[in-house]
Q: 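The structure under discussion is supplied below as C-alpha cells; questions concerning it will follow.
All values below come from the heavy atoms of this structure, side chains included, with hydrogens, waters and symmetry mates left out. When a ligand or atom number is given, it counts from 1 through the structure's own listing order.
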Amino acid sequence: MSKILEDNVNYKCRKCGSRASVRVTYAKLLLCREHFLEYIENRVLNTMKRYGILKDTKRILVALSGGKDSLSLLHILSKIKDKTELEEIIGIHIDLGLGEYSLESINAVKKACQDTGTNCIIIPIKELMDHNLPELVELTRRPPCSLCGLIKRYILNLTAIELGVDAVALGHHMDDVLVFIIKDFLFQDNIDMAKMIPVTKGIQGLLAKKIKLLYEIYEDDLSTYAYLAGIKTTKTPCPYKYQDPFKNSIRKMMDELENYAPGFKISVARRLAKNLEKTPILEEIQPCRYCGMPSRNGICSICSLTMKIHGEPIGPKIKVKIKNKLQQGTLHL
Ligand code: SF4
Ligand code: ZN
Ligand code: ZN
C-alpha cells in the first residue's frame with residue numbers, strides 16, 4: 001500500500017534524493033512523484049512477465065469505465081507499450097445511460113484516450129438494447145449490478161471477437177481480485193474463482209482471452225498513481241453502487257492482515273494464481289443457438305434475458321449493430 005506524505009514531512013526519494021512524495025509500505029520505499037509513477041509502471045511490467053500476460057498478444061481492447069482503475073491502466077499501458085510486444089491498444093466504454101455518472105464517465109474516458117493517443121469506441125446500451133440500464137432494471141427486476149455485469153461482459157466479448165483483438169484488458173486490481181476470490185471460495189463457486197486469475201484463455205471466434213495487468217497492484221497504489229499522474233477520473237459514484245457486507249468484511253480482514261504483514265496480499269495473490277490456473281473453466285462453454293456467443297446451456301444470458309423482455313432473443317440484432325458501429329470506425333480522439 002502507498003501513502004502520500006504530508007507537505008511538512010521532509011524525507012528523501014530512495015532513487016534520486018529529491019523530496020519524497022510517497023511512502024510504499026510493502027516495499028519499505030520512499031519515492032518522489034516521478035519515481036513512484038515509474039515504480040508502479042515497472043510493477044505492472046513485472047506482473048505481465050511473471051504470468052506471461054501479453055504472450056502472443058499484439059492487439060488489445062481495454063475496458064474503460066472512467067474510474068481510476070481503468071484509466072490508470074490505460075495510462076500505464078501507454079507508458080510501457082514500447083517495452084512489450086503490444087502493437088495496438090483500443091479503448092472501449094459502455095455507456096449505461098446513468099445520467100450524471102455516465103456523462104462524467106464518458107468525458108473522463110475521452111480525455112484519457114486523447115491524452116494517451118488511444119482510439120476509442122463508445123457504445124451506448126440504449127442503441128443496442130432499446131433501453132438504458134435503469135429501464136432494464138425496471139423491466140427485469142434483476143439486481144442492477146448483476147444485470148450491468150452481464151451486459152458489459154457480453155458487449156466486451158462481442159466487440160473483441162468482431163475486432164479480432166488478441167485479448168480484453170480489465171482494470172481489476174489486487175484488492176478487488178482477492179475479495180472476489182475469497183467470497184467465491186466461501187460460496188464454493190470454483191469457476192468464478194478461477195476467472196479472476198491474471199489470464200483466462202479464450203476460444204477462437206467465440207470467447208475473448210481476458211487479461212488483468214493490475215493483478216498484483218494495490219488499490220491504494222492506483223489512487224496515488226491517478227492523483228500524481230493528474231488523471232481526470234469520474235468523481236460521481238454510480239447511483240447503483242452499494243456496500244456489499246460480505247465484500248466489506250473480507251476487505252477489512254485482508255487490510256488488517258496486510259497491516260500486520262506488509263506484502264501479505266501479494267503473496268496470497270501469487271499462490272491463488274498458481275492453484276486456480278488448473279481449474280477448467282472452458283469445458284461447458286458452447287455457442288448460443290441464436291447469436292453464437294458463449295453460453296453454458298445453448299442460450300446465452302443476453303438472448304435468454306431479452307426473450308423475457310422483448311419477446312425474442314435480440315443477441316443477433318446486437319451483433320449486427322456492433323458490426324455496423326465498428327465499420328464506421330473507432331473514435332480518433
Ligand atoms: Fe454497474 Fe453496479 Fe458498477 Fe454501477 S456499481 S457500474 S451498476 S456494476
Ligand atoms: Zn526520485
Ligand atoms: Zn445469444
Q: Pick from Leu96, Asn132, Asp95: which one makes a side-chain contact (heavy atoms from CB on, under 4.5 Å) with Pro124?
A: Asp95
Q: Are Lys126 and Glu135 ion-paired here, with the side-chain N under 4.0 Å from a carboxylate O?
A: yes
Q: At a cut-off of 2.8 Å, list the protein N/O/S atoms near the Zn ion (ligand 2), residue plus atom name.
A: Cys13 SG, Cys16 SG, Cys32 SG, His35 ND1
Q: Sum up the protein N, O or S atoms located under 2.8 Å from atom 1 (Fe) of ligand 1.
A: 1
Q: At less than 2.8 Å, how many protein N/O/S atoms surround the Zn ion (ligand 3)? Leave waters out.
A: 4
Q: If you measure from the Lys or Arg side-chain nitrogens to the Asp or Glu carboxylate oxygens, is any gap between Lys111 and Asp115 under 4.0 Å?
A: yes
Q: Could Glu219 and Lys68 be called an ion pair, given the rule that one side-chain N must be under 4.0 Å from one carboxylate O?
A: yes
Q: Does one hydrophobic cluster hold both Ile121 and Ile125, with members joined at side-chain heavy-atom distances below 4.5 Å?
A: yes
Q: Any chance the side chains of Tyr26 and Asp220 put a donor and an acceptor closer than 3.5 Å?
A: no
Q: Using the side chain to side chain donor-acceptor pair (under 3.5 Å) rule, take Thr233 and Lys235 through it: C-alpha gap first, then chi angles, then the decisive distance, then the call.
A: CA-CA 6 Å; Thr233 60; Lys235 295 286 176 277; 2.9 Å; yes
Q: Closer than 4.0 Å and a protein heavy atom, does any atom meet both conditions relative to atom 3 (Fe) of ligand 1?
A: no
Q: I need the full list of side-chain hydrogen bond (donor to acceptor under 3.5 Å, both in side chains) pairs touching residues 149-167, with sequence neighbours left out, sorted by first then second residue.
A: none
Q: Indicate if Tyr51 and Met174 have the same hydrophobic cluster label, given that clusters are the connected sets of ILVMFWY residues with side-chain heavy-atom separations under 4.5 angstrom.
A: yes
Q: If we count only N and O atoms by modelled type, under 3.5 Å, do the side chains of Glu100 and Thr236 hold a donor and an acceptor together?
A: no
Q: Is the shortest side-chain N to carboxylate O distance from Glu312 to Lys317 below 4.0 Å?
A: yes
Q: Pick one: which of Lys265, Arg43, Glu258 meets side-chain hydrogen bond (donor to acceptor under 3.5 Å, both in side chains) with Tyr218?
A: Glu258
Q: Whether Lys195 and Asp184 form a salt bridge (side-chain N of Lys/Arg under 4.0 Å from carboxylate O of Asp/Glu) is what I want to check.
A: no
